[in-house]
Number of protein chains: 6
Amino acid sequence: MTARQPSFGPVSIESHFDDVFGAAGVAEQLRLAQGEGFDAVVIACFGDPGLDAARELTTAPVLGIAEAAFHAASFVATGFSVVTTMTRTSVIAERLVQRYGFERSCRGIHGTDIPVLALEDCGEDTVAMIEAAARRALAQDRSGAIVLGCGGMAALCRTLQQRLGVPVIDGVSAAVKLAEALVALGLHTEKLGDYASPLPKRWVGWAAPLGEAPAA
Amino acid sequence: MTARQPSFGPVSIESHFDDVFGAAGVAEQLRLAQGEGFDAVVIACFGDPGLDAARELTTAPVLGIAEAAFHAASFVATGFSVVTTMTRTSVIAERLVQRYGFERSCRGIHGTDIPVLALEDCGEDTVAMIEAAARRALAQDRSGAIVLGCGGMAALCRTLQQRLGVPVIDGVSAAVKLAEALVALGLHTEKLGDYASPLPKRWVGWAAPLGEAPAA
Amino acid sequence: MTARQPSFGPVSIESHFDDVFGAAGVAEQLRLAQGEGFDAVVIACFGDPGLDAARELTTAPVLGIAEAAFHAASFVATGFSVVTTMTRTSVIAERLVQRYGFERSCRGIHGTDIPVLALEDCGEDTVAMIEAAARRALAQDRSGAIVLGCGGMAALCRTLQQRLGVPVIDGVSAAVKLAEALVALGLHTEKLGDYASPLPKRWVGWAAPLGEAPAA
Amino acid sequence: MTARQPSFGPVSIESHFDDVFGAAGVAEQLRLAQGEGFDAVVIACFGDPGLDAARELTTAPVLGIAEAAFHAASFVATGFSVVTTMTRTSVIAERLVQRYGFERSCRGIHGTDIPVLALEDCGEDTVAMIEAAARRALAQDRSGAIVLGCGGMAALCRTLQQRLGVPVIDGVSAAVKLAEALVALGLHTEKLGDYASPLPKRWVGWAAPLGEAPAA
Amino acid sequence: MTARQPSFGPVSIESHFDDVFGAAGVAEQLRLAQGEGFDAVVIACFGDPGLDAARELTTAPVLGIAEAAFHAASFVATGFSVVTTMTRTSVIAERLVQRYGFERSCRGIHGTDIPVLALEDCGEDTVAMIEAAARRALAQDRSGAIVLGCGGMAALCRTLQQRLGVPVIDGVSAAVKLAEALVALGLHTEKLGDYASPLPKRWVGWAAPLGEAPAA
Amino acid sequence: MTARQPSFGPVSIESHFDDVFGAAGVAEQLRLAQGEGFDAVVIACFGDPGLDAARELTTAPVLGIAEAAFHAASFVATGFSVVTTMTRTSVIAERLVQRYGFERSCRGIHGTDIPVLALEDCGEDTVAMIEAAARRALAQDRSGAIVLGCGGMAALCRTLQQRLGVPVIDGVSAAVKLAEALVALGLHTEKLGDYASPLPKRWVGWAAPLGEAPAA
């Protein structure tokens with residue numbers, strides 16, 4: 001498994017503005033990676049930035065971690081709740097829920113107002129805050145599972161699942177495992193229709209998306 | 001992998017009536033299997049009979065093959081079409097599409113009026129009929145992938161994918177691979193809420209669901 | 001009016017597992033009743049088990065009591081609330097609400113955690129619990145009518161309607177009256193399409209659905 | 001059964017403009033009828049004009065014929081088609097379908113461009129046109145029942161049902177029978193919430209809605 | 001800009017009954033105004049009474065104030081809340097939200113039980129009540145804008161926007177400005193389809209809708 | 001009115017890949033424009049790229065041209081059809097229709113497979129192709145208005161409206177006029193909730209979004 005990072009952009013994604021550059025960064029990396037060969041792609045940010053663009057750029061399966069988490073949750077519970085970082089990002093998760101068709105199974109999205117970067121090497125205080133939010137969500141939403149609404153929460157998944165006694169889904173590992181399943185099934189991203197390769201076209205200015213060094 | 005069959009019921013499922021006994025048969029087998037231990041369960045009939053009951057009966061992940069196929073298709077195409085057996089079963093697939101939230105990605109359900117049992121050791125004629133129906137579906141629905149709407153079509157999946165040049169999803173293998181992914185993720189069917197174990201209760205008459213021999 | 005009971009199954013339905021056998025029992029009884037003649041069928045359990053299977057088996061109108069109650073409520077109020085028995089059965093009612101198209105008029109489903117069998121010859125305590133739940137539901141959901149979410153609550157309907165001062169709908173009597181209306185209208189269950197009679201087919205094992213004694 | 005007609009308005013309803021005065025006429029008649037006593041009200045026009053206003057004005061059950069027909073059809077078929085008069089009125093039926101929650105069961109609305117008044121004492125030609133439209137609708141929509149989209153088609157219901165071999169629903173008789181059912185159930189239109197009686201208030205100009213002769 | 005009032009009807013609209021006569025009054029005035037010429041029409045009541053009828057009667061753009069307010073709000077916020085007069089009129093706003101497609105952006109409708117006419121020359125008390133309701137709505141619904149749910153609240157819009165610090169939308173001015181935009185764009189109400197002019201037809205009784213004096 | 005163009009990106013947008021960079025370009029220009037002052041922003045590409053990001057970056061109203069066209073169309077017709085360029089972009093329009101709540105009023109999206117750049121100084125041949133597609137769409141979708149699905153079609157709007165005899169909406173002028181209306185109403189993009197300004201954060205690599213020259 002190879003982790004790649006966009007060559008530019010904000011250090012975390014907590015707004016539509018950040019998200020737009022995350023999407024461009026994903027597209028850039030897909031272009032750069034094309035010579036290297038890969039079996040599947042995981043976009044490891046809970047807003048699934050650039051998912052459709054990435055799917056146009058490759059025949060390999062591409063999964064977003066929000067998408068993967070919602071799907072996995074719906075297999076083990078009739079209803080799940082999302083516990084996420086900044087409340088202001090709830091609307092991004094909400095849009096994904098609608099777009100992917102989980103309006104009925106996603107019973108609530110709960111912000112904790114913990115910044116994304118505060119999740120790195122976070123202490124028991126942060127874990128306790130997330131645990132408390134999850135408990136409130138389970139009771140209030142009458143849910144049976146928790147989706148962690150940020151790639152940065154991946155390390156807490158096992159602990160939270162033990163403490164809460166319900167399935168807790170980390171989108172990063174969910175996306176990796178679902179991607180492996182799709183590869184094993186011999187499925188590729190379709191090229192007949194909506195995910196056909198982008199038409200080649202003239203490009204002005206900054207060339208990063210083409211995988212070239214930006215012109216000074 | 002162990003294949004189990006209900007001890008009773010119709011030899012194929014092509015109506016709501018058949019489906020009801022398929023569901024009871026799935027529940028029966030889940031009860032019988034409980035002593036043996038298993039990691040995950042796949043219900044290998046495209047109507048996903050008894051899915052919720054099965055999930056109540058175990059903490060292992062349980063997947064239906066219609067459910068698995070829809071989820072897999074939605075990862076590789078924005079829209080897919082279902083090609084199935086008897087037109088009269090379309091309504092069953094339609095209900096599942098609605099219940100699982102795929103109203104927008106499932107763009108059409110197409111009956112071929114090939115009986116389920118005719119799929120066993122089927123010849124080129126049958127394959128050609130299914131291929132033709134799939135081509136019509138792709139064009140008419142503007143879809144990018146085909147879901148095979150019957151467990152009996154599993155053997156045709158690879159051939160059809162080669163001929164059609166789009167992802168063709170067989171629910172049986174999709175469910176197996178997705179179930180493996182859930183097991184790898186350490187996810188279990190939730191027991192806090194809607195999938196809590198059934199309450200023990202008095203039972204009258206025929207005892208098959210309890211895994212006992214029916215009283216003559 | 002003739003009351004029939006499945007020859008097998010749990011003594012009450014409070015889970016998906018119970019429901020699956022209720023559905024098989026309904027199908028069994030429809031097959032057994034076919035020689036006798038009847039004008040209409042009411043499935044007197046709030047999960048409407050086996051409704052579609054029953055409709056395939058006869059040209060007589062068939063009504064479920066949840067279905068009947070929802071329809072009746074929507075004629076006398078813009079919004080109604082369901083007060084039911086075990087909270088764990090809410091998901092069954094919720095699925096029916098979605099399937100029948102009452103997402104907008106059903107404004108809430110409220111479990112009381114009274115077991116179904118406790119409703120037999122229940123005392124004032126139980127009535128008071130249900131009344132209190134109904135009052136909370138009316139206020140919280142801004143509803144104008146109450147649907148009783150269990151066939152076992154039928155006897156309480158009149159009392160509750162008097163105390164609450166809003167329409168209180170018991171599905172059993174609603175289904176009977178609506179069935180009479182359909183019979184009077186000369187309407188039969190359609191046989192052209194989705195409710196065509198099941199195809200005759202080979203059956204293995206236990207023969208109850210065919211109305212025969214189970215083979216020991 | 002007493003038939004009442006508004007004291008004013010167009011002789012048939014084939015537009016939103018006509019409908020608005022039909023609604024006012026229904027409200028007028030409800031006010032005029034209040035001294036007389038009645039058990040239930042049927043609004044015998046397929047646009048259900050004034051349905052909510054009528055419900056505010058009485059505790060008796062009130063049914064519209066479009067509403068009644070949709071409900072009745074959904075009890076005997078998974079999907080139905082509407083065959084109506086002027087194509088331009090389709091949008092009125094469409095709005096009712098959405099408002100009542102029949103988006104999934106109503107599979108098509110088919111105009112015949114037969115004017116409402118041409119249905120009075122109509123000959124075989126007209127019947128044949130409606131029959132042909134119904135046959136096309138059944139095939140194209142994969143429906144199992146036909147709803148007649150105009151009160152003026154009531155007399156043709158039996159003939160069409162015989163010829164088509166599927167349930168054909170006339171809203172007028174459906175509404176009458178469903179209203180009888182609601183009366184038998186002891187259900188009244190709720191007054192706690194959205195259907196509370198209108199507040200008394202000052203009224204300017206024309207007094208018909210109050211049941212008085214208009215001031216010259 | 002010319003303000004017209006129906007020649008008849010209730011002095012305010014706070015029920016479906018009132019609304020029906022408001023709609024007839026709108027249609028009457030549209031007919032009366034036809035000789036005079038106008039560029040656009042605004043229906044200045046939050047229930048948008050007679051909107052479709054008015055659109056049939058003219059090629060000029062016609063806007064309802066609820067409609068205009070919802071559209072304007074959706075341009076400046078992902079979610080808005082409606083603060084209205086009598087709670088009993090919430091259902092009217094709710095129906096409009098559904099019909100216009102704002103189910104996702106309208107996050108709540110909040111009655112204050114202030115009568116419409118109490119808004120004329122209202123004092124600080126009334127403003128404070130509305131402000132308090134708006135604050136509760138913003139917090140509870142997680143909304144970013146307030147829609148004033150009554151034409152009579154127009155004068156309070158600026159004050160409330162200053163106090164609340166979020167966009168506050170008055171439908172009357174919104175409709176006027178949006179109507180001016182449509183006129184500037186050269187757009188007219190379509191006459192090809194659902195908004196074709198009403199067919200001329202015989203009319204019985206009271207003639208107000210035709211713009212004539214009622215026959216004594 | 002000032003037209004700005006991103007400093008980088010593809011010369012036209014006909015895929016998700018192109019769209020992602022269009023969105024980044026919109027965000028870049030919003031940042032660059034912040035010192036200059038402006039009253040409102042129009043994003044003149046039918047995919048509305050970067051709409052949410054742009055709204056976060058300013059208190060001025062921001063409109064996308066697809067969004068503006070859909071809203072304008074819904075004021076003058078109950079149903080409209082979109083006629084666009086490459087069929088492969090239909091899915092982008094479809095997603096916007098769903099997100100904005102126009103699922104019921106947008107009755108069809110029709111690709112012509114005319115490339116975006118072919119619309120510059122296009123001849124009668126191209127106009128005739130678009131006209132023909134619009135006529136087919138009106139008939140097939142039973143629509144009353146046409147939305148032009150590309151900013152490059154703006155110049156054809158008047159001609160097509162004359163030829164077709166129905167409202168034809170060009171999103172660019174629609175967005176400009178609607179933006180003027182919002183400014184006249186004193187409405188700003190909300191900053192309390194989902195459109196709060198992005199949090200300042202560290203940025204790596206290419207600095208264009210910050211309005212600085214990219215580091216070589």
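Below, chains carry the letters A, B, ... as their sequence lines are ordered, and counting in each starts from 1.
Taking non-hydrogen atoms and a 4.5 Å limit, the residue list of residues 91-122 of chain A in contact with chain F, ordered by number, reads V91(A), R95(A), R99(A). Contacts of residues 126-140 of chain A with chain F at a heavy-atom distance below 4.5 Å are absent; not one residue qualifies. Close approach to chain A, defined as a heavy atom under 4.5 Å from one of its heavy atoms, is seen in D194(F), Y195(F), A196(F), S197(F), P198(F), L199(F), K201(F), R202(F) of residues 187-202 of chain F, taken by number.
Between chain F and the residues V26(A), T89(A), L30(A), V11(A), the largest count of heavy-atom pairs under 4.5 Å involves V11(A). When each of G9(A), S12(A), P49(A), S90(A) is scored by its heavy-atom pairs under 4.5 Å with chain F, the top score falls to G9(A). In terms of non-hydrogen atom pairs under 4.5 Å with chain F, the most contact-rich of H16(A), E14(A), Q5(A) is H16(A). Chosen from M86(A), R55(A), R88(A), the residue pairing most often with chain F at heavy-atom distances under 4.5 Å is R88(A).
Taking all atoms of both residues into account, the shortest heavy-atom contact from E56(A) to F17(F) is OE1-N, 2.8 Å. Nearest heavy atoms, V20(A) versus A53(F): CG2-CB, 3.7 Å.
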Would you tabulate the side-chain donor-acceptor contacts of residues 32-40 of chain F under 3.5 Å, counting partners in other chains and residues two or more places apart, or write 'none'?
{"residue": "Q34(F)", "atom": "NE2", "partner": "L57(F)", "partner atom": "O", "Å": "2.4"}
{"residue": "E36(F)", "atom": "OE1", "partner": "R4(F)", "partner atom": "NH1", "Å": "3.0"}
{"residue": "E36(F)", "atom": "OE2", "partner": "R4(F)", "partner atom": "NH1", "Å": "2.8"}

